[in-house]
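Notes follow the structure.
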Amino acid sequence: MVVVTLLDGSQKHIARGASIFEFIQTHIGPGLAKAAVFARYNGKDVDLSFKLEEDGQLGVFTDKTPEALEVARHDAAHIVADAVQRLFPGTQVTLGPPIEEGFYYDFFRDKPFSPEELEQIEAKANEIVAEKQPFICRQVSVEEALALFESKKETFKLEIIHDIVAKGAKELTLYRHGEWVDFCLGPHGPSTAKVGVIKILSSSGAYWRGDSSKPMLQRIYGTSFFEKKALEAWLKQQEEAKKRDHRRLGKELDLFHFHATAPGAAFWSAKGTTLYNTLSHFMRKLVREAGYVEVKTPLLFHKSLWEQSGHWGKYRENMFLVMDDETGEHSLSLKPMNCPSHHLFFGFKRRSYRELPMRLWTQDVLHRNEPTGALGGLTRVRQFCQDDAHIYLAQSQLISEVKGFVQLLDKAYRAFGLSYEAKFATRPAQRLGDEGMWDRAEAGLRDALEGLGLSYTLKEGDGAFYGPKLDFDVSDAIGRKWQLGTLQLDYAAAERFDLSFVGEDNSEHRPVVLHRAVFGSFERFVAILVEHYAGAFPLWLAPVQAVFVTVADRHLPYAHSLREQLAAEGFRIEVDERSMTLNAKIRDAQLQKIPLALVVGDKEAQSHSVAPRRHGGEDLKSMSFENFVLLLRKEAQMPG
């Protein structure tokens, strides 16, 4: 018999060799068996057909979970490839991974797919879904795999196999549905029926393996949902998202720009810089009130630091390396994260328990060598800043520090009208430290969560390589989710950097380290806010809070005199001096999404008043300048 431990700690027994699906039917019930898509056994994602040969812990993912939807989209990629080869014999397949909110598959053929062909592919793919063909997994030898794909004349698959063999593989995993077969690691759902509904979105060209010297492929993008109504809701959301696209609005509102000479790095305009700095001041205010201290550390470090932290071996390909003139080697790197430099900072002095918790906060420039094809506006860049901090504490302070961080995060997100949910990520397959350290780390964070009464979703195997973590997903104005805040518990750093403090008992102790961020990167957070507000920022955050629009040029001196008084109080006010009609100026202020347009004419100049109009058209009527200042002071006050 095999002992299976469920996530709630309960244990069940079943005959050795039984499948996970059989276990679910026997011990959990037909309802879950019907909804199940895949499982995680002893930390490994597996099909429901996986045979239970040893004791282990089981997690089941149903069609109500995002992880299952990702697997279903992997299934959908296979189905689309099958549809393409049924419709267009001779087309070669290459790779087709799931991506955020969908999937793609690359094909080799002599011409792009036409819109009519994409419609045919979508129809055929959904026919395959309706065929309810099971996904069948089989391990085969390298020789059998080569023979199979040689018979199919799949030259790209053969190249992939040779690459895998060169890395030491002795067997390959094949997945078949119906007559169509591919090799991949899986997992897959129980059958094509579980995919639900497939939607083809677009097509484009893509070089094989991203190399312009290699063949041009035809890439098909698609998505899938378990239910048609979920697809319809998503398509409606996508239409709204297009209107809010931060790349378009950023240019139209003159917030930021990009240039080919600096890929993955933004040029911030005066308005964009004001927005950026306002966010920075807001976060700086929050962290100071929460007892953080701001520090700055170097941007360039020798590889010895990254070797000590573990990043040199696991993250080097994402780092910008710099050659050392003395050695002629790339032994220096621009920092991609702040944590190792903060550890050095903590270790500069002998620390006492009286100094803990020590909360170090930094807003330095970071660089990560993201692939060119992955860059996209402000959401994926190579140069960015984080609202990054590391907290060094005694074990006894863990619960209070987690609570303090969640309170700070809550205050920050509520200031922007962002709701959020927490996810608890446990040990990944590749990790530092021994099992005892991970047991302590996960138990400590779980105890803190339970002490807070904070509800959370479990993300097994998704922790950082040095410790478990909490991730916070926010929902924006149109219901999209963005992973932003994070809190990572790290027992490994103190050991690797030999960090210690003198306790009340006059003995040396290792501190616990918390890595935390609220915004994530400022760049990505700006992108999210632009789309969340559709460019119409609240008055406290808006780069230009109000603009004077004059009836005639003779009213300009009056408008400038008021602007100077408001600017002296720190308000961000402009005067539209263009020789245009009043209505044209008001319309332009609306298009620029400026919170207030202040109309001034003869009446206002004579009565020392203004006539404000909000973005969106609300007319606040004429009011005295003094009353307007009171209104502005109230609405422009920074939250928190």
Side-chain angles (χ1 to χ4, degrees), residues 3-11 39-46 54-61 67 306-315 337-340 342-343 346 356-357 389-403 405-406 422-452 454-472 483 485-501 508-517:
V3 179
V4 178
T5 304
L6 302 179
L7 297 182
D8 62 4
S10 62
Q11 294 186 329
R40 184 168 291 155
Y41 200 69
N42 285 338
K44 181 182 179 181
D45 291 345
V46 295
E54 60 181 22
D55 297 350
Q57 185 179 57
L58 174 67
V60 179
F61 295 85
E67 294 89 348
W306 308 113
E307 288 172 337
Q308 187 175 8
S309 68
H311 290 99
W312 193 255
K314 297 178 179 293
Y315 201 76
M337 66 279 295
N338 290 304
C339 35
H342 282 183
H343 301 335
F346 182 89
L356 306 185
H390 296 86
I391 305 172
Y392 302 84
L393 62 147
Q395 178 69 36
S396 60
Q397 298 168 324
L398 179 61
I399 292 177
S400 63
E401 283 304 301
V402 173
K403 180 178 180 180
F405 170 72
V406 173
K423 295 183 178 180
F424 178 25
T426 58
R427 68 193 75 182
Q430 300 296 319
R431 54 186 181 265
L432 298 176
D434 58 29
E435 294 306 296
M437 183 199 77
W438 278 88
D439 289 341
R440 294 195 307 275
E442 290 179 358
L445 192 52
R446 187 177 288 108
D447 289 346
L449 287 171
E450 293 174 356
L452 281 168
L454 181 66
S455 61
Y456 61 90
T457 300
L458 188 65
K459 293 174 68 177
E460 289 187 74
D462 203 38
F465 71 87
Y466 46 74
K469 62 178 180 174
L470 279 179
D471 286 332
F472 294 84
Q483 197 279 304
T486 187
L487 178 72
Q488 302 169 2
L489 178 58
D490 189 349
Y491 282 104
E495 293 288 341
R496 294 181 76 90
F497 284 83
D498 193 24
L499 305 181
S500 65
F501 66 93
E508 297 281 342
H509 299 271
R510 294 292 189 200
V512 179
V513 180
L514 294 179
H515 306 244
R516 44 68 78 221

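- Tyr315 and His311 have perpendicular rings, their planes meeting at more than 60° on a 0 to 90° scale where under 30° would count as parallel.
- Contact record, Val3 with Asp55: N-OD1, 2.8 Å, taken as the closest heavy-atom pair.
- Residues Trp306 and Ser309 come closest through the heavy atom pair O-OG, 3.1 Å.
- The two residues Pro468 and Ala441 make their nearest non-hydrogen contact at CD-CB, 3.5 Å.
- With rounding to the nearest 0.5 angstrom, the CD atom of Glu67 is 8.5 Å from the OG1 atom of Thr457.
- For the pairing with Val513, the side chain to side chain contact (heavy atoms under 4.5 Å, CB included) check across Ile391, Asp490, Leu489 returns one residue only, Asp490.
- Annotation for Asn42 and Gly56: closest pair OD1-CA, 3.0 Å, computed over non-hydrogen atoms.
- The environment of NZ in Lys44 is sparse: at most 12 heavy-atom neighbours from other residues, nucleotides or ligands sit within 6.0 Å.
- Judged as a salt bridge (charged side-chain N to carboxylate O under 4.0 Å, His left out), the pairs with a partner in residues 456-465 (not counting sequence neighbours) are, in order, Lys459-Asp462, Lys459-Asp471.
- In this structure, Tyr456 and Phe424 have perpendicular ring planes: the angle between them is above 60°, well past the 30° mark.
- In terms of heavy atoms, Ala464 sits closest to Trp438 at O-CH2, 3.2 Å.
- Under the salt bridge (charged side-chain N to carboxylate O under 4.0 Å, His left out) criterion, the residue pairs touching residues 440-452 are Arg427-Glu442, with sequence neighbours excluded.
- A distance of 4.5 Å separates CG of Leu449 from CG of Leu470, quoted to the nearest 0.5 Å.
- For the atom pair Arg516 CZ and Phe405 CZ, the distance stands at 5.5 Å (nearest 0.5 Å).
- Note: Ile399 CD1 to Leu445 CG = 10.5 Å, rounded to the nearest 0.5 Å.
- Side-chain N/O atoms of Asn338 and His390 include no donor and acceptor closer than 3.5 Å.
- With hydrogens and angles ignored, the 3.5 Å screen pairs no side-chain donor or acceptor of Gln308 with any backbone N or O of Gly310.
- Smallest separation of non-hydrogen atoms from Leu393 and Pro357: CB-CB, 4.0 Å.
- The residue from His342, His343, Arg510 that alone fulfils the side chain to side chain donor-acceptor pair (under 3.5 Å) condition with Tyr392 is His343.
- Residues Leu514 and Leu398 form a side-chain contact, since some pair of their non-hydrogen atoms from C-beta on lies under 4.5 Å apart.
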Worksheet entry | side-chain contact (heavy atoms from CB on, under 4.5 Å) assessment of Val512 paired with Tyr491 | CA-CA 6 Å; Val512 179; Tyr491 282 104; 3.6 Å; yes
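- Within 6.0 Å of the CD atom in Gln430, the count of heavy atoms belonging to other residues, nucleotides or ligands does not exceed 12.
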